[in-house]
Amino acid sequence: TLNTEFISYGEARADILEITREDNVTTLALQNNRLNPDLGLTDWANFYRVIGQVNLIIKNVQDMRTRGLYVNKDAEYNRVLGQALGLRALCYLYMVKVWGNVPLITEPVLNNGDINAFKTPRTDTIQVYNQIVADLLRAQPLLPTSYSDARRTRATLTRGGIDAILTDYYM
């Protein structure tokens, strides 16, 4: 979802970086803080793909636990749920910083054949921030400080990762 855009969504728009490549429309729009809907950079679809998957995971992992599929597997359940909550919070944190009011979707969107079911109005930024912090605070105690495999620790959310996202949120 972020690929290289994480720089464009943050530092590149904040006068922290000097943009030296001025030969394309996107770079100029970023440099002058004049984003518009025609730029690929302004498409939030990838964020909502992640959020859609995360919402399915959150719902289904809790349903699975209720049905007894996580018996004696508390650490695995916590890891899956904590990862999902943390990723949803991270997506919304980026989105609210870039676009302000965004549609807040916390339940899976299932295709019921009605296209109008997919039309979700934008939510006030304060409500989105409240959801972000709620997800992060819920994820924090669920995740370990590290995993037995160093590669997994670097590539997977840990309690320290949630703390870093919380720091960004509070800033």
Side-chain angles (χ1 to χ4, degrees), residues 1-10 41 43-171:
T1 294
L2 289 173
N3 217 3
T4 57
E5 284 87 357
F6 74 95
I7 296 243
S8 302
Y9 291 143
L41 179 64
D43 184 5
W44 60 29
N46 286 334
F47 284 104
Y48 279 109
R49 278 188 199 90
V50 172
I51 290 167
Q53 292 298 308
V54 163
N55 287 339
L56 283 169
I57 291 168
I58 292 169
K59 179 186 182 320
N60 289 329
V61 77
Q62 292 175 113
D63 289 348
M64 290 167 65
R65 187 173 204 184
T66 300
R67 288 184 277 151
L69 298 173
Y70 274 104
V71 173
N72 299 322
K73 295 181 182 180
D74 288 342
E76 180 68 11
Y77 171 81
N78 289 344
R79 182 190 65 78
V80 172
L81 185 56
Q83 293 286 318
L85 291 164
L87 287 174
R88 181 169 69 187
L90 182 61
C91 285
Y92 276 118
L93 184 60
Y94 267 102
M95 290 172 64
V96 82
K97 287 195 286 185
V98 174
W99 293 287
N101 295 347
V102 296
L104 180 61
I105 301 169
T106 58
E107 293 293 325
V109 177
L110 305 174
N111 184 356
N112 64 5
D114 178 12
I115 192 67
N116 292 314
F118 294 105
K119 295 181 181 178
T120 305
R122 290 182 183 229
T123 305
D124 181 71
T125 303
I126 298 299
Q127 285 181 265
V128 179
Y129 276 126
N130 288 340
Q131 183 66 51
I132 292 166
V133 77
D135 283 350
L136 291 171
L137 293 176
R138 187 171 167 207
Q140 192 177 39
L142 297 174
L143 295 171
T145 55
S146 66
Y147 296 94
S148 57
D149 179 356
R151 287 179 298 161
R152 189 172 183 191
T153 298
R154 285 192 302 269
T156 309
L157 277 175
T158 59
R159 191 169 297 159
I162 296 297
D163 290 344
I165 299 168
L166 272 167
T167 300
D168 191 13
Y169 166 83
Y170 286 124
M171 290 182 1

| Salt-bridge present (Asp63, Arg67; N to O < 4.0 Å) | no

| Lys NZ or Arg CZ of Arg65 over Tyr77 ring: under 6.0 Å, within 45° | yes

| Is there a side-chain contact between Tyr94 and Trp99 (heavy atoms, below 4.5 Å)? | no

| field | Side chain proximity check, Leu81 to Arg138, heavy atoms < 4.5 angstrom | value | yes

| query | How about Val50 and Phe47: do any of their side-chain heavy atoms sit closer than 4.5 Å? | reply | no

| For Gly86 and Ala139, which heavy atoms make the closest approach, and how far apart are they? | N-CB, 4.0 Å

Could you pull out all donor-acceptor pairs under 3.5 Å where a side-chain atom in residues 164-171 meets a protein atom, sequence neighbours excluded?
unit_1: Thr167; atom_1: OG1; unit_2: Asp163; atom_2: O; d: 2.9
unit_1: Asp168; atom_1: OD1; unit_2: Lys97; atom_2: NZ; d: 3.3
unit_1: Asp168; atom_1: OD2; unit_2: Lys97; atom_2: NZ; d: 2.9

| request: Find out whether Tyr129 and Leu93 are in side-chain contact, i.e. whether some heavy atom of one side chain is under 4.5 Å from a heavy atom of the other. | output: yes

| Rounded to the nearest 0.5 Å, what separation is found between the CZ atom of Arg79 and the CG atom of Leu157? | 10.5 Å

| Stepwise side-chain contact (heavy atoms from CB on, under 4.5 Å) check, Trp44 with Val98 | CA-CA 10 Å; Trp44 60 29; Val98 174; over 6 Å; no

| request: Given side-chain contact (heavy atoms from CB on, under 4.5 Å), test Ile51 with Met95 step by step and report yes or no. | output: CA-CA 11 Å; Ile51 290 167; Met95 290 172 64; 3.8 Å; yes

Show me the side-chain donor-acceptor pairs of residues 101-109 shorter than 3.5 Å, one per line, residues at least two apart or across chains.
unit_1: Asn101; atom_1: OD1; unit_2: Thr125; atom_2: N; d: 2.9
unit_1: Asn101; atom_1: OD1; unit_2: Thr125; atom_2: OG1; d: 2.6

| field | Under 3.5 Å: donor-acceptor pair, side chain of Gln62, backbone of Ile58 | value | yes

| field | Beyond-backbone contact of Asn130 with Ile126, side-chain heavy atoms, under 4.5 angstrom | value | yes

| query | For the atom pair CE (Met64) and CG (Asn60), what is the distance rounded to the nearest 0.5 Å? | reply | 7.5 Å

| task | Mind checking the CD1-CG spacing from Ile132 to Leu90? Nearest 0.5 Å is all I need. | result | 9.0 Å

| query | When rounded to the nearest 0.5 angstrom, what distance separates OG1 in Thr158 from CD in Gln140? | reply | 10.5 Å

| request: Check whether any side-chain heavy atom of Ile57 lies under 4.5 Å from a side-chain heavy atom of Val80, and answer yes or no. | output: yes

